[in-house]
Amino acid sequence: MAIDGRNLQILANYCAAAADAMAFTLMRTAHSTFVKETEDFSCQIVSREGMAFASPRSFGAPWYSGIDYGPVLELIDGYQEGDICITNDSYAGNVATHSPDIHIWKPVFHNGKIACFVVGHIHNTDVGGAVPASLSRSLTEIVQEGIRIPPLKIISGGVLNHEVARIMRLNVRAPEQNWGDFNAQIASVNIGERKVQEIIARFGIDDFLTGIEGILDYAEQQARGIISTIPDGDYFYADYADEDGEGGYPCRIAVTLRVKGDCLELDYTGSDPQLMSSLNMPTGGRERHPLALVGVTYVLSTLDRSLLLNAGTLRPTRAILPPGTIMNCEAPAAVGMRSLTCAMSQIATVGAFSLAMPERLPANSPGGNSIINIRTVDGLNRSVVASLGPVGGGAGGTPKHDGPDGSGGLSAFLKNTPIEINEAEVPVRFLRYGLAADSAGAGEYRGGLSTEMAFEVFAPNTTITARNRNRSVFSSAGAAGGRAGSTSWFRTEHADGRITEHGNTDVIHCGPGDVVAIKGPGAGGYGLAKNRRVQAVLHDVQCGFLTEQAAREQYGVALQQGEIDEVGTARLRAAMPEHNGEHFDVGEERRTFEALWTRERYQLLTAFLAQQPIVWRHFLKHQVFAAVQAGEGSELALEQQMSGVFTALKQRFPGLNVSSKT
């Protein structure tokens, strides 16, 4: 049949259904809760060149809908029928982006020639390394983050490479769980291969191959049409992770969005240097790396829900990712927490688009979705390594409605794990898992509420990891007069009555009777809180989402015996301020920080660090921050002060080769 407009849509639906079947198979046969419940996985069908043209429509992690497998496909020396390849090496093709993400791919042959590849990844709960669950902000190089598998054939011509399989199982903390998940991946790509063969039989190989390019071209055409509705211009936004390492300084992700006609450019110049922590992103500088452009995918999809999501969607966009920075690190930098940096880059991207279209996009999502993992022992003293699910927040308030509570925004399709499943599989007792009152940013349309979790552990030497701990210092911004969301917290309520506050620490140790409690950050509100419907405020109080005190202080709504005090409310709201003209309310902590660390000061720091060897940059950043906070040269004009700080560092470290960029 000819691939015209109607048949192209039919082919696209068939391919998406095939990807759905891959996802169903993976979910139903996986062993770990992180795959079968949380759905931290991806499945795609990619062209012979590696461009993704079909993904699941409502399952897994849509970060990878625009992925290009081409660089890693090229690292295998020839394919034959029955081959399945594997890698989790972040520096081999820049497809796997941290060690727990194991990617596999299988060629689909027709009449002896490759027609396409079926691919996918899962996030393994643990792949060995320095800490249980393999990931911590404190790690400094990738060799600490678990086993690394270079691109190779794990199955060659249908025969398993048992030696590689033995190495994989020997170097992880839950080998049977990992092996079960791996077999689920194998089943997934085998189902994908079968479904593709059925599609080829229906459409014919020539129309199938032509249709792949048509699907990619159509997504590009759709994306360009959406982009052309955005006002041309340059839009700058920056946001911060609380720390660039354990006890460190804020970690900045900055982006300048340039809109010109039907093209976009995201320039990440001004983002932090490559760090001696695991927040680095191994993008390889690829201008359409999916992790650098997830925010674009989300925005375009928000503006037009009919948009096809595939590699063609990203063709009108390019990213500038300066080498030796947090957005484009070089080996052997640790990369395990790149998901936090990716989340912050998404917030920065959406923030920049919001400046271009303030009436069309929401306030900030939280940017601190902690994935809780546990290593403990059960009643038979058998080791248990498991994920207990995410603790984060909802989405930012929008120009038309409240943000979704507990999830949404940057959570993609990832889901929480029901506590019944956790208690059945892990020796813990849950005391609370629900929405946190007073956590949402106030607004005419409030932000989404955060979640909180508390559970008791029963064994000594239990280790808890809270991957992506963030937003205990800086808040998620409100927009158009809306207020910033609440911050997060993380604590242990010890069996002896003591309470330990952990801040952004992401690895803690507990004993029998200890209660681990964690609350996520709230999302920003949209529009002035004084304009929120009084009945909506009352409803939030009745549901337990808002206390009466917060209703009074944040919304100017007075209540008496559970009913609205109309006179008191009118008086309170009359005293509330009008919108100050700033599109974003970033919260008090960030305002204070940026009063010192202005955009101009960061520009000077970025230029200085870009001239230094990569291995020095994180260290030098800390030296500059310490000098500025100590007030060195504060009586001078900004450029003179910073120049003096830089000169002092060069004199202090005479071995520093300031002309080198390697």
Side-chain angles (χ1 to χ4, degrees), residues 25-26 29-36 40-41 69 72-73 75-93 95-107 117-135 139 141-191 193 331-332 334-336 373 375-378 380-387 425 463 465:
T25 301
L26 186 54
T29 58
H31 285 213
S32 69
T33 56
F34 210 46
V35 178
K36 65 185 179 183
D40 195 343
F41 66 80
Y69 264 79
V72 78
L73 296 181
L75 297 177
I76 300 298
D77 186 17
Y79 294 94
Q80 61 179 325
E81 292 196 49
D83 287 350
I84 297 179
C85 304
I86 189 171
T87 190
N88 72 334
D89 185 357
S90 302
Y91 293 107
V95 170
T97 53
H98 63 183
S99 298
D101 283 0
I102 291 186
H103 289 250
I104 70 170
W105 61 99
K106 183 176 188 178
F117 290 84
V118 284
V119 308
H121 95 281
I122 65 168
H123 181 106
N124 286 264
T125 305
D126 179 274
V127 288
V131 299
S134 306
L135 305 178
L139 304 182
E141 53 187 352
I142 194 169
V143 294
Q144 299 170 320
E145 296 180 326
I147 186 173
R148 293 169 68 191
I149 307 166
L152 53 82
K153 294 183 181 181
I154 186 65
I155 296 178
S156 182
V159 179
L160 176 68
N161 186 329
H162 289 281
E163 295 305 311
V164 173
R166 287 177 59 197
I167 293 171
M168 290 169 57
R169 297 176 70 174
L170 183 64
N171 285 278
V172 302
R173 293 179 174 87
E176 296 308 314
Q177 175 178 276
N178 284 27
W179 195 246
D181 283 351
F182 173 70
N183 283 321
Q185 284 186 278
I186 299 300
S188 173
V189 294
N190 285 342
I191 286 290
E193 178 189 32
V335 297
N373 295 283
R375 184 195 184 190
T376 188
V377 295
D378 63 16
L380 299 176
N381 292 320
R382 295 173 300 193
S383 180
V384 176
V385 180
S387 170
E425 298 188 359
T463 301
T465 65

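Everything numeric here is computed off the predicted structure, so don't read it as measured data.
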Is a donor on one side and an acceptor on the other found under 3.5 Å between the side chain of Ser188 and the backbone of Leu26?
no
Given Asp40, Asp126, Asn373, Thr465, the one that forms side-chain contact (heavy atoms from CB on, under 4.5 Å) with Ser387
Asn373
Where Arg375 and Arg173 come nearest, the two heavy atoms and their spacing
NH1-NE, 4.0 Å
Rounded to the nearest 0.5 Å, what separates atom CD in Glu193 from atom CD1 in Ile84?
8.0 Å
Run Thr97 and Val335 through side-chain contact (heavy atoms from CB on, under 4.5 Å) and show every step you take.
CA-CA 7 Å; Thr97 53; Val335 297; over 6 Å; no
Could you please spell out the steps behind the side-chain contact (heavy atoms from CB on, under 4.5 Å) verdict for His123 and Leu135?
CA-CA 12 Å; His123 181 106; Leu135 305 178; 3.9 Å; yes
Here the gap from Arg169 atom CZ to His162 atom NE2, rounded to the nearest 0.5 Å, amounts to 10.5 Å
Between Val377 and Val384, does a side-chain contact (heavy atoms from CB on, under 4.5 Å) hold up when you go through it step by step?
CA-CA 5 Å; Val377 295; Val384 176; over 6 Å; no
Does the distance from a Lys or Arg side-chain N to an Asp or Glu carboxylate O, for Glu425 and Lys36, drop under 4.0 Å?
yes
Any side-chain heavy atom of Val159 sitting closer than 4.5 Å to one from Ser156?
no
Do Ile86 and Leu152 touch side chain to side chain, with heavy atoms closer than 4.5 Å?
yes
Result for side-chain contact (heavy atoms from CB on, under 4.5 Å) between Lys153 and one of Asp77, Ile76, Asn161 points to Ile76
Do you know the tightest heavy-atom contact between Cys85 and Tyr79?
SG-CE2, 3.7 Å
How close do Ser134 and Gly128 get, counting heavy atoms only, and between which atoms?
OG-O, 2.7 Å
So, the side chain of Asn88 versus the backbone of Ser99: is there a donor-acceptor pair under 3.5 Å, distance only?
yes
For Thr125 and Ser32, which heavy atoms make the closest approach, and how far apart are they?
OG1-CB, 3.9 Å
Measure across Val189 and Val118 and return the closest heavy-atom pair with its distance rounded to 0.1 Å.
O-CG2, 3.4 Å
What's the shortest heavy-atom distance between Gly157 and Asp83, and which atoms?
N-OD1, 2.8 Å
Going from CD on Glu81 to NZ on Lys106, what distance comes out if it is rounded to the nearest 0.5 angstrom?
9.0 Å
Could you walk me through whether Arg148 and Tyr91 satisfy the side-chain contact (heavy atoms from CB on, under 4.5 Å) test, starting with their C-alpha distance in whole Å, then the side-chain angles of each, then the deciding distance to 0.1 Å, before giving a yes or no?
CA-CA 10 Å; Arg148 293 169 68 191; Tyr91 293 107; 4.1 Å; yes
Report the distance from atom CZ of Phe182 to atom CD1 of Ile186, rounding to the nearest 0.5 Å.
3.5 Å
Can you tell me how far CZ of Phe34 sits from CD of Gln177, rounded to the nearest 0.5 angstrom?
11.0 Å
CG on Leu170 to CD1 on Ile167, rounded to 0.5 Å:
8.5 Å
Student check: side-chain heavy atoms of Tyr69 and Phe117 closer than 4.5 Å:
no
